S.K.: 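Let me begin by handing over the structure; questions about it come next.
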Number of protein chains: 2
Amino acid sequence: MTIPRLTDAERDAALGALSGWTLRADGLAISRDFRFADFSEAFAFMTRVALLAEQADHHPEWSNVYNGVSITLTTHDAGGLSHRDAAMAEAIDRLL
Amino acid sequence: MTIPRLTDAERDAALGALSGWTLRADGLAISRDFRFADFSEAFAFMTRVALLAEQADHHPEWSNVYNGVSITLTTHDAGGLSHRDAAMAEAIDRLL
């Protein structure tokens, strides 16, 4: 099953509804950097994101250095951004 | 408290005792890529590494994409590799 890629208008609307997420230069992914008090808080957040990701079967590309977490969302089956990325970004933001 | 950086001889001995870890080109960090069956297994591993890191108060720079985990170890207080990186790499390998 192929997931449709967002049109440019849909992408702009999705980004407009999010705060803190930026479009990658190639337009095919969105990213956000998060900062926490320490590693324990950062990894607690990552654990909650992992549960969201597994539930949605949509997994981030992400990295962590001590109290920082960087998350990139894209949909490989769509060759770019899909509604699943927008929904995951919203769900992640609701954790904060 | 400054942590002493490994000498070149100590570094080579530490790397010789590890398998799968590679020295970064600048000689200041070691890295290893891990591959699992799926995201659930990868994140379970990351959770165990997080507990090790918190216990040792020595945290990795790491990233995850679905079933892959890439870990880089370095000691900022040493400006390069220290015995703490070698000990953490050994502890991570014992999880497997």
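Quick note: numbers below take in every heavy atom, side chains included, and nothing from hydrogens, waters or symmetry partners. Values in this document were obtained by computation on a predicted structure and should not be read as measured data. Naming convention: chains lettered A, B, ... in sequence-line order (proteins, then strands); numbering from 1 in each chain.
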S.K.: Pick one of side chain, backbone, both or neither for B:T47, based on which atoms fall under 4.5 Å of a heavy atom in chain A.
M.R.: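 For B:T47, heavy atoms of backbone and side chain both lie under 4.5 Å from chain A.
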S.K.: Who in residues 54-65 of chain B is close to chain A, using a strict under-4.5 Å heavy-atom cut-off?
M.R.: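 Within residues 54-65 of chain B, the residues under 4.5 Å from chain A are B:E54, B:H59, B:P60, B:E61, B:W62, B:S63, B:N64, B:V65.
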S.K.: Hey, quick one: are B:M88 and B:L95 part of the same hydrophobic cluster, counting side-chain heavy atoms closer than 4.5 Å, chains of contacts allowed?
M.R.: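 Shared cluster, yes.
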S.K.: Please check if the number of heavy atoms outside B:R48 that lie under 6.0 Å from its CZ is greater than 12.
M.R.: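 Not more than 12 within 6.0 Å, no.
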S.K.: Please check if A:L51 and A:L96 belong to a single hydrophobic cluster, counting links between Ile, Leu, Val, Met, Phe, Trp and Tyr side chain heavy atoms closer than 4.5 Å.
M.R.: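 Not linked; separate clusters.
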S.K.: Side-chain heavy atoms nearer than 4.5 Å, only ILVMFWY residues, links allowed to pass through others: does that put B:F36 and B:F43 together?
M.R.: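 Yes, B:F36 connects to B:F43 through the hydrophobic network.
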S.K.: Not counting sequence neighbours, which residues clear side chain to side chain contact (heavy atoms under 4.5 Å, CB included) with B:A78? List them please.
M.R.: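 In terms of side chain to side chain contact (heavy atoms under 4.5 Å, CB included), with neighbours along the sequence ignored, B:A78 is linked to B:I3, B:R5, B:T75, B:S82.
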S.K.: Taking a hydrophobic cluster as the set of Ile, Leu, Val, Met, Phe, Trp and Tyr residues connected by side-chain heavy atoms closer than 4.5 Å, whether directly or through intermediates, do B:L28 and B:I30 fall within one such cluster?
M.R.: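 No.
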